[in-house]
Structures are given as C-alpha cells and as structure tokens.
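Only this structure's heavy atoms are used, side chains among them; waters, hydrogens and symmetry mates stay out. On a predicted model such as this, the values are computed, not experimentally measured, just so you know.
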Amino acid sequence: MTKEEAIQKAHAMSAYIESEQADEKTHDFDDLWQSLYDICQLATYGIVELTQEEIDEAINWLKDTQMLTKQYQETEIYFS
C-alpha cells in the first residue's frame with residue numbers, strides 16, 4: 001500500500017471521523033497515524049464509541065501502515 005492509498009483509506013474510515021484529524025492541518029502522515037492510534041486506544045477502552053468492526057478496521061490499518069511512518073515504526077499497538 002502506498003502512502004497515498006493509506007491516506008485515502010484512513011480518511012474513509014469511521015474511526016478517522018471520530019479522531020482529532022490532526023493531519024488536516026499539517027498534512028503529515030505521522031499525524032494521521034497518531035490520530036488513528038489515539039482513537040483506537042480510546043475506543044478499545046470504551047471511552048469513545050465505535051463498533052468492533054470499526055476498531056478492527058482501524059487497528060489493521062495501523063499495523064499495515066506503521067512502516068510508512070517516521071516516528072512510530074517501533075510503537076507497540078498493545079491494545080489490539
């Protein structure tokens with residue numbers, strides 16, 4: 001998956017709509033990744049309401065795109 005494809009896929013997810021959408025201001029892929037990471041974490045612990053399918057979709061996206069990040073390649077996705 002290219003970075004452009006990853007961005008398009010992320011922007012179409014329900015989890016993205018609930019996220020802070022930090023990349024809208026910066027256009028930085030790492031900001032997009034961090035926004036989805038944060039919302040997945042919040043949803044996993046029931047702080048934000050997303051369906052399990054929406055959470056799974058976003059977590060899979062995080063795993064599939066982690067290698068495209070600059071700052072988060074070593075970040076553990078411990079809530080999956």
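- Without hydrogens or angle criteria, Gln8 side chain to Glu5 main chain gives no donor-acceptor distance under 3.5 Å.
- Checked by atom type, the side-chain pair Ser35/Gln21 shows no donor-acceptor distance below 3.5 Å.
- Considering every non-hydrogen atom in both Ile59 and Ile77, the closest pair reads CG2-CG2, 4.4 Å.
- By the criterion of side-chain heavy atoms lying less than 4.5 angstrom apart, applied directly or through intervening Ile, Leu, Val, Met, Phe, Trp or Tyr residues, Ile17 is not grouped with Ile39; the two fall into different hydrophobic clusters.
- Residue pairs satisfying the side chain to side chain donor-acceptor pair (under 3.5 Å) criterion with at least one member in residues 66-76, sequence neighbours excluded, are listed as follows: Gln34-Tyr72.
- With rounding to the nearest 0.5 Å, the separation of CZ in Phe79 from CD1 in Ile55 is 10.0 Å.
- Rounding to the nearest 0.5 Å gives a distance of 7.0 Å between OG of Ser14 and CD of Glu57.
- The aromatic ring centres of Trp33 and Phe29 sit 6.0 Å or more apart.
- Ring geometry for His11 versus Tyr16: interplanar angle of 30 to 60°, hence tilted.
- Judged by distance alone, with hydrogens and angles left aside, the side-chain atoms of Thr51 form a donor-acceptor pair with the main-chain N or O of Glu54 at under 3.5 Å.
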Without placing hydrogens or testing angles, list every side-chain donor-acceptor pair under 3.5 Å for residues 41-50, not counting sequence neighbours.
from, atom 1, to, atom 2, distance (Å)
Gln41, NE2, Tyr78, OH, 2.1
Thr44, OG1, Cys40, O, 2.7

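- For the pair Leu36 and Ala10, the tightest heavy-atom approach, listed with the atom from each and the gap, is CD1-CB, 3.7 Å.
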Determine, step by step, whether Asp31 and Thr26 satisfy the side-chain contact (heavy atoms from CB on, under 4.5 Å) criterion, reporting the C-alpha distance in whole Å, the side-chain angles of both residues, the deciding distance to 0.1 Å, and the verdict.
-> CA-CA 7 Å; Asp31 289 343; Thr26 65; 2.5 Å; yes

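- Here the straight-line distance linking atom OG1 of Thr65 with atom CG of Leu32 works out to 7.5 Å at 0.5 Å rounding.
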